[in-house]
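So that we are looking at the same thing, I have put the structure below in structure tokens.
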Number of protein chains: 2
Amino acid sequence: MKWDTLEEEPCSLARTVAVIGDRWTLLILRECFLRVRRFEAFQSSLQITRHLLSERLKKLVRFGILRRVPYSEAPKRYEYILTQKGLDLYPIIMAMVHWGDAHMGDERGRPLLHEHKSCGKLFDPVMVCSECGEVLHAKQVHVHTGPGRKEAAG
Amino acid sequence: MKWDTLEEEPCSLARTVAVIGDRWTLLILRECFLRVRRFEAFQSSLQITRHLLSERLKKLVRFGILRRVPYSEAPKRYEYILTQKGLDLYPIIMAMVHWGDAHMGDERGRPLLHEHKSCGKLFDPVMVCSECGEVLHAKQVHVHTGPGRKEAAG
DNA sequence: CAACTTAGTTCCTTTTTCAGACTGACGCCT
DNA sequence: AGGCGTCAGTCTGAAAAAGGAACTAAGTTG
């Protein structure tokens with residue numbers, strides 16, 4: 001398996017992994033959802049090398065997850081804003097945060113708490129079936145080969 | 001930021017990323033959820049180098065996501081089975097698959113279709129609020145500093 | 001006994017990442 | 001006008017990780 005063709009694999013997970021499947025990208029996205037937008041802000045809060053940050057931001061822009069928007073003309077300066085495609089990554093990020101809360105916590109409790117503005121309560125994200133609304137469990141799901149893959153290779 | 005201390009960061013996303021935040025690990029987990037259990041099976045379906053596969057499996061066992069279970073005594077052979085902690089990664093994997101379906105698809109349609117055994121229908125995973133059951137959107141969530149972090153650093 | 005299977009390990013090359021200095025365009029102060 | 005600071009990067013050489021392929025080990029099959 002080659003990393004540069006991963007996004008063409010007949011597997012939606014592989015395609016997603018091709019875009020956001022590395023440590024820095026996921027941490028950069030965390031910052032995006034915490035409303036960080038500028039190069040220096042990402043760099044100082046993540047302590048990522050400037051080189052890698054530059055690379056990763058370019059990649060996220062290339063894939064349409066971030067938009068590079070000028071916020072100053074005089075010295076040309078840009079900030080990075082989540083597109084709708086980027087905002088749609090929210091369930092992934094929240095699922096990861098939730099798993100970390102549940103399984104990687106320490107005695108001090110959660111680092112962050114999430115409040116749902118609609119209902120005003122602190123919540124956990126729950127994944128449900130779009131059809132019946134029940135909570136999803138791996139064992140309750142059966143996988144079928146879809147049209148995007150000729151052969152059933154798993 | 002150092003990778004070997006990432007799991008101690010006061011951030012649940014960083015802790016999760018420390019465990020599953022690389023390409024191979026995510027692809028290995030995909031195979032696990034497709035009921036792949038054995039070294040050779042992972043290796044041949046992923047085309048990962050044996051060295052890396054060995055490393056990643058050890059790491060997943062170390063973090064309690066997989067269990068290494070003997071399935072043959074005579075030549076000692078082991079298979080790798082998801083623990084409950086591992087099964088709990090399902091929402092992350094499904095969220096990634098769903099995003100790939102929605103945003104990285106091609107003209108041929110989805111590679112895989114998922115059927116919910118409980119209701120018998122093909123479904124998409126949806127993330128909802130544990131308290132009110134509404135679909136979650138990034139903009140409807142307010143983040144508070146929790147007890148696991150002294151300072152509000154984002 | 002030779003060939004095959006399974007689950008790794010070892011060795012060497014190539015690619016990525018890291019840490020930090022450097023660039024360039026401007027803005028502000030005196 | 002000169003010097004300092006800010007922002008958004010680029011460049012460079014060293015260190016770490018990944019890739020590729022052969023090798024080991026224990027047992028099974030023909």
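Here is how names work: the chains are called A, B, and so on, in the same order as the sequence lines, proteins then strands, and each is numbered from 1.
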*Is the distance between the ring centroids of B:His142 and B:His144 less than 6.0 Å?*
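For B:His142 and B:His144, the ring centres are under 6.0 Å apart.
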*Summarise how protein sits on nucleotides 19-30 of chain C as a single string, 5' to 3': B when a protein heavy atom is under 4.0 Å from the base, S for sugar-phosphate-only contact, - for no contact.*
B-B---BSS---
*Under the ring pair (Phe, Tyr, Trp, His ring centres under 6.0 Å) test, which residues partner B:Tyr80, sequence neighbours left out?*
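So B:Tyr80 forms no ring pair (Phe, Tyr, Trp, His ring centres under 6.0 Å) with any residue.
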*Write down the distance between CD (A:Gln43) and P (C:dC18), rounded to a whole number of angstrom.*
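In whole Å, C:dC18 P and A:Gln43 CD are 12 Å from each other.
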*Non-neighbouring partners of B:Glu55 that pass salt bridge (Lys or Arg N to Asp or Glu O under 4.0 Å), sequence neighbours left out*: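 Here no residue qualifies.
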_Distance check needed: C:dT9 P versus B:Leu57 CG, whole Å only._
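Rounding to the nearest Å, CG of B:Leu57 and P of C:dT9 are 10 Å apart.
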*Mind listing the residues from residues 12-25 of chain A sitting with a heavy atom below 4.0 Å of DNA chain D? Number order is fine.*
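Going residue by residue through residues 12-25 of chain A, none turns out to have a heavy atom under 4.0 Å of DNA chain D.
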*Which pairs pass ring pair (Phe, Tyr, Trp, His ring centres under 6.0 Å) with one or both residues in residues 35-72 of chain A, sequence neighbours excluded?*
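Listed by first then second residue: nothing to list.
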*Distance, rounded to the nearest Å, where A:Glu55 contributes CD and C:dC18 contributes C1'*: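 Atom CD in A:Glu55 sits about 13 Å away from atom C1' in C:dC18.
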_Range on DNA chain D touched by chain B - first to last nucleotide, heavy-atom distance under 4.0 Å_ =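 Answer, 5' to 3': D:dA18 to D:dT28.
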*asked:* Checking B:Lys58 now: which residues fulfil side-chain contact (heavy atoms from CB on, under 4.5 Å) with it, not counting sequence neighbours?
replied: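 Applying side-chain contact (heavy atoms from CB on, under 4.5 Å) to B:Lys58 gives B:Ser54.
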_Just the rounded figure in Å: distance from P of C:dT9 to CZ of B:Arg56._
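Spelled out: CZ on B:Arg56 to P on C:dT9 is 14 Å.
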*Taking only residues two or more places apart in sequence or in another chain, which ones pass ring pair (Phe, Tyr, Trp, His ring centres under 6.0 Å) with B:Tyr90?*
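Scan of B:Tyr90 (ring pair (Phe, Tyr, Trp, His ring centres under 6.0 Å), adjacent residues dropped) gives B:Phe33.
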*asked:* Any base atoms under 4.0 Å from B:Phe42, or only sugar-phosphate, or nothing? Heavy atoms, all strands.
replied: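 Contact class for B:Phe42: none.
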*Can you find a heavy atom in the side chain of A:Leu113 that is under 4.5 Å from one in the side chain of B:Thr145?*
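A:Leu113 vs B:Thr145: side chains apart.
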*Under the ring pair (Phe, Tyr, Trp, His ring centres under 6.0 Å) rule, collect the residues that match up with B:His103, sequence neighbours excluded.*
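Partners of B:His103 under the ring pair (Phe, Tyr, Trp, His ring centres under 6.0 Å) test: B:Trp99.
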_Please report the distance, rounded to the nearest Å, between CG in B:Leu6 and P in C:dT17._
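Roughly 15 Å, once rounded to whole Å.
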*Along DNA chain C (nearest heavy atom to each residue), the more 5'-positioned of B:Ser54 and B:Trp3*: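 Looking at the nearest nucleotide for each, B:Ser54 comes out on the 5' side.
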*asked:* Under the rule for salt bridge (Lys or Arg N to Asp or Glu O under 4.0 Å), what residues qualify as partners of B:Asp88, not counting sequence neighbours?
replied: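 Once residues adjacent in sequence are excluded, B:Asp88 has no partner under the salt bridge (Lys or Arg N to Asp or Glu O under 4.0 Å) criterion.
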_Going by the rule side-chain contact (heavy atoms from CB on, under 4.5 Å), which residues pair with B:Ser130 if we only count those two or more places apart in sequence or in a different chain?_
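B:Ser130: side-chain contact (heavy atoms from CB on, under 4.5 Å) contacts with A:Phe123, A:Asp124, A:Val126.
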*asked:* Under the rule for ring pair (Phe, Tyr, Trp, His ring centres under 6.0 Å), what residues qualify as partners of B:His137, not counting sequence neighbours?
replied: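 Testing B:His137 for ring pair (Phe, Tyr, Trp, His ring centres under 6.0 Å), a comparison that skips the adjacent residues, returns none.
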